[in-house]
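Read the structure below first, then the notes.
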Amino acid sequence: MPDAPAIVWFRQDLRLADNPALDAACKSQRPLILLYVLDDETPGRWRTGAASRWWLHRSIEALAETIAKRGASLTLRRGRADQQIPLLVEQTGAGAVYWNRQYEPYAVDRDRLLKPILRAKGVVVESFNAALLHEPVTLRTKSGEPYRVFSPFWRAILARGVARAPLPTPKALRQWGGVEGNALRDWNLLPASPNWAAEFESEWAPGEAGASAALQRFLSEKLAGYFEGRDQLGQRATSRLSPHLHFGEVSPVQIWRAVNEAGGGDKFLSEIGWREFSSHLLLHFPTLPEKNLRPAFDAFPWRHDPGALAAWQRGVTGYPVVDAAMRELWATGYMHNRARMIAASFLLKHLLIDWRHGQDWFWDTLVDADLANNSASWQWVAGSGADAAPYFRIFNPVTQGQRYDADGAYVRRWLPELAALPNALIHAPWEASAAQLATAGVELGRDYPHRIVEHAEARARALAAFKGLSSMRKSEP
DNA sequence: TTTTGAGTTGTTCGA
DNA sequence: GTCGAACAACTCAAA
């Protein structure tokens, strides 16, 4: 039995069950050093955003607790991981380092450089796939290219199936001596004054136990009605597993297994597939968060309009379903999937503001902010990405509201100032008569803003801009 | 190599 | 009120 300890480097895999790196470390029979490194330098501008930092704090707290129950402790370090890991190896004489892979470009580059440095010191280094159903480099079209269209990508995964069964939770963890580390509270991940995350606390239960409970609740209460209910903004018909998945509190393999044991759910599993597809794209196209996947979009005439951007961010565009969505995001760190499409379409097509501004805002305000999902999805809505939405798909915020929030429950929850308007008017308050507005106690421009753009005009402007893009392409040599 | 069918989530207009 | 067509052209994946 080797005496030199094994370091388990936790990253976006904050769980004990189905954790291949932890499993390998336990099987190595070495005493363990369980480590998390807060690295705000390596990711550059993609360092963990504000809302995600709240989640991260709570998730680490939960992980440390479950580790403690098994007789070990979680060591916290801060700084560049490519310096902290070798430093810890030196300080402890560690003989092995295990981690689960990430697919963000900065992480891929860092890990690729770190591995040979550690191995040169005689350290055993192993990395594993814990975040995806299949390692994304192994999925290729028949001609050997990465997939750029979702459907064939997903068909390929379905044909292959998921062979791996989830790994069990280790019963006990044998800790190696004492290691110095930071105190979690000193990282200041939680907002202080003002505490804008107050509502997060009642909304979410970060950590492995919370993820497991959310999955069980979804399977027993919502999976059967997922197909019908998933687009209804006022219902909690979606899984809300995205932040748990981002932080690795539950794995897609566990979800795959659980859904199939519960009788299956193709539509829901294909959403797991989209997450998979986004990581595949980011791995193969590492500039996805910065550059248009379709270079033709480099010529798109995005508008510079800080006022309109701010109105969108604060949820004061004058379109109730858009504003409700943006306020849900601000209050809870989350936004319903359908609402994300409506709000994103509005920013890109009604306001003609660059998708990268939307991406930045979501990055900072979402608790499930994920570089692959965020950039792939924004580019998808913009039309600049893989398998992108056609240029003429411009959501009408009134029609969408009426279709997916027919009883106005979603708007009333997030825009209480409009609560007294009747259903027929709640998605278009500007159509209300003076008497109807007075009855509802609403004065437009005072209690709720006038529209910052008129739909038909904005739609025509967007169509013209996209048309210009295609004619520009034609005129290229 | 060439060909063929397909491609998450929509809206509007006119019959 | 309902329904089908138009809204472009391009690129992708596989036969």
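Letters go in sequence order (proteins before strands), and every chain restarts at 1. All values derive from a computational prediction rather than experimental measurement.
Annotation: salt bridge (charged side-chain N to carboxylate O under 4.0 Å, His left out) contacts of A:Asp266 (sequence neighbours excluded): none. In this view, A:His336 satisfies the ring pair (Phe, Tyr, Trp, His ring centres under 6.0 Å) rule with no residue, not counting sequence neighbours. Every salt bridge (charged side-chain N to carboxylate O under 4.0 Å, His left out) that A:Arg446 has, sequence neighbours left out, goes to A:Glu443. Checked against side chain to side chain donor-acceptor pair (under 3.5 Å), A:Asp18 has the following partners two or more places apart in sequence or in another chain: A:Arg164, A:Ser251. Listed by chain and residue number, nothing satisfies the salt bridge (charged side-chain N to carboxylate O under 4.0 Å, His left out) test with A:Arg461 (two or more places apart in sequence, or in another chain). Residues that satisfy the side chain to side chain donor-acceptor pair (under 3.5 Å) test with A:Glu135, not counting sequence neighbours, are A:Arg101, A:Tyr103.
Between A:Gln400 and B:dT11 there is a side-chain polar atom (N or O) within less than 4.0 angstrom of OP1 or OP2. Applying the 4.0 Å criterion to OP1 and OP2 of B:dG10, one finds that A:Asn396 has every side-chain N and O outside that range.
To the nearest 0.5 Å, atom NZ of residue A:Lys115 and atom CD of residue A:Glu126 are 8.5 Å apart.
Using bins of under 30°, 30° to 60° and over 60° for the plane-to-plane angle, the ring pair A:Phe362/A:Trp312 lands in the parallel bin. Ring geometry, A:Phe466 versus A:Tyr391: the interplanar angle falls from 30° to 60°, so the pair is classed tilted. Taking the six-membered ring where tryptophan is involved, the planes of A:Trp187 and A:Tyr36 are tilted, since the angle between them lies from 30° to 60°. In this pair, A:His280 and A:Phe153 present their aromatic rings tilted. The plane angle is within the 30 to 60° band.
A donor-acceptor contact shorter than 3.5 Å is absent between the side chain of A:His427 and the backbone of A:Ala406. Between the side chain of A:Thr141 and the backbone N or O of A:Glu145 there is at least one donor-acceptor pair closer than 3.5 Å. Judged by distance alone, the side chain of A:Asp405 and the main-chain N or O of A:Tyr410 form a donor-acceptor pair under 3.5 Å.
Across all strands shown, A:Arg403 has heavy atoms under 4.0 Å from sugar-phosphate atoms exclusively, and none from any base. Residue contacts shown for A:Phe153 are absent, as no nucleic acid heavy atom lies under 4.0 Å away. Contacts of A:Lys349 with the nucleic acid, taken as non-hydrogen atoms under 4.0 Å apart, are absent.
Secondary-structure annotation of DNA chain C gives the stems B:2-7 with C:10-15, B:10-15 with C:2-7, with a stem taken as at least 3 successive Watson-Crick or G-U pairs whose two distances both fall under 3.5 Å.
Atom CZ in A:Arg230 sits about 7 Å away from atom C1' in B:dT9, given to the nearest Å. As a whole-Å value, the separation of A:Leu469 CG from C:dA9 P is 13 Å. Taking atom CZ of A:Arg155 as the reference point, atom C1' of B:dG5 lies 11 Å away to the nearest angstrom. Following rounding to the nearest Å, A:Leu463 (CG) and C:dA9 (P) show an atom-to-atom distance of 14 Å. Atom CZ in A:Phe150 sits about 15 Å away from atom C1' in B:dA6, given to the nearest Å. Going from atom CG of A:Leu158 over to atom P of C:dA13 covers 16 Å, rounded to whole Å. Distance, A:Arg140 CZ to C:dC12 P: 15 Å, rounded to whole Å. Atom-to-atom, OH of A:Tyr147 to C1' of C:dA13 comes out at 8 Å; the value is rounded to the nearest Å.
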Produce the list of close N/O pairs, under 3.5 Å, pairing protein atoms with atoms of nucleotides 2-4 of chain B; give distances to one decimal.
none

Polar-atom pairs under 3.5 Å, protein N or O versus N or O of nucleotides 4-7 of chain C: list them with distances, or write none.
from	atom 1	to	atom 2	distance (Å)
C:dC7	O3'	A:Tyr391	OH	3.0

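Near DNA chain B, meaning a heavy atom under 4.0 Å away, the residues from residues 331-339 of chain A are A:Asn337, A:Arg338. Residues from residues 269-278 of chain A lying near DNA chain B, meaning a heavy-atom separation below 4.0 Å, are A:Glu271, A:Trp274 in numerical order.
Nucleotides B:dT11 and C:dA8, compared at atom C1', are 16 Å apart to the nearest Å.
Nearest nucleotide to the A:Thr399 side chain, out of C:dA14, C:dC12, B:dT12: B:dT12. Side-chain atoms of A:Trp380 lie closest to B:dT9 of the nucleotides C:dC12, C:dA14, B:dT9.
A side-chain N or O of A:Gln436 and one of A:Ser433 form a donor-acceptor pair less than 3.5 Å apart.
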Apply the test ring-ring contact (aromatic ring centres under 6.0 Å, His included) to residues A:Phe10 and A:Trp99: give CA-CA distance (whole Å), side-chain angles for both, the deciding distance (0.1 Å), then the verdict. CA-CA 7 Å; A:Phe10 284 94; A:Trp99 68 71; over 10 Å; no
Name every donor-acceptor pair, under 3.5 Å, that has one atom in a side chain of residues 300-307 of chain A and the other anywhere in the protein, sequence neighbours excluded.
from	atom 1	to	atom 2	distance (Å)
A:Arg303	NE	A:Leu351	O	2.9
A:Arg303	NH1	A:Asp305	OD2	3.3
A:Arg303	NH2	A:Asp305	OD2	2.9
A:Arg303	NH2	A:Leu351	O	3.0
A:Asp305	OD1	A:Gly307	N	3.4
A:Asp305	OD1	A:Ala308	N	3.0

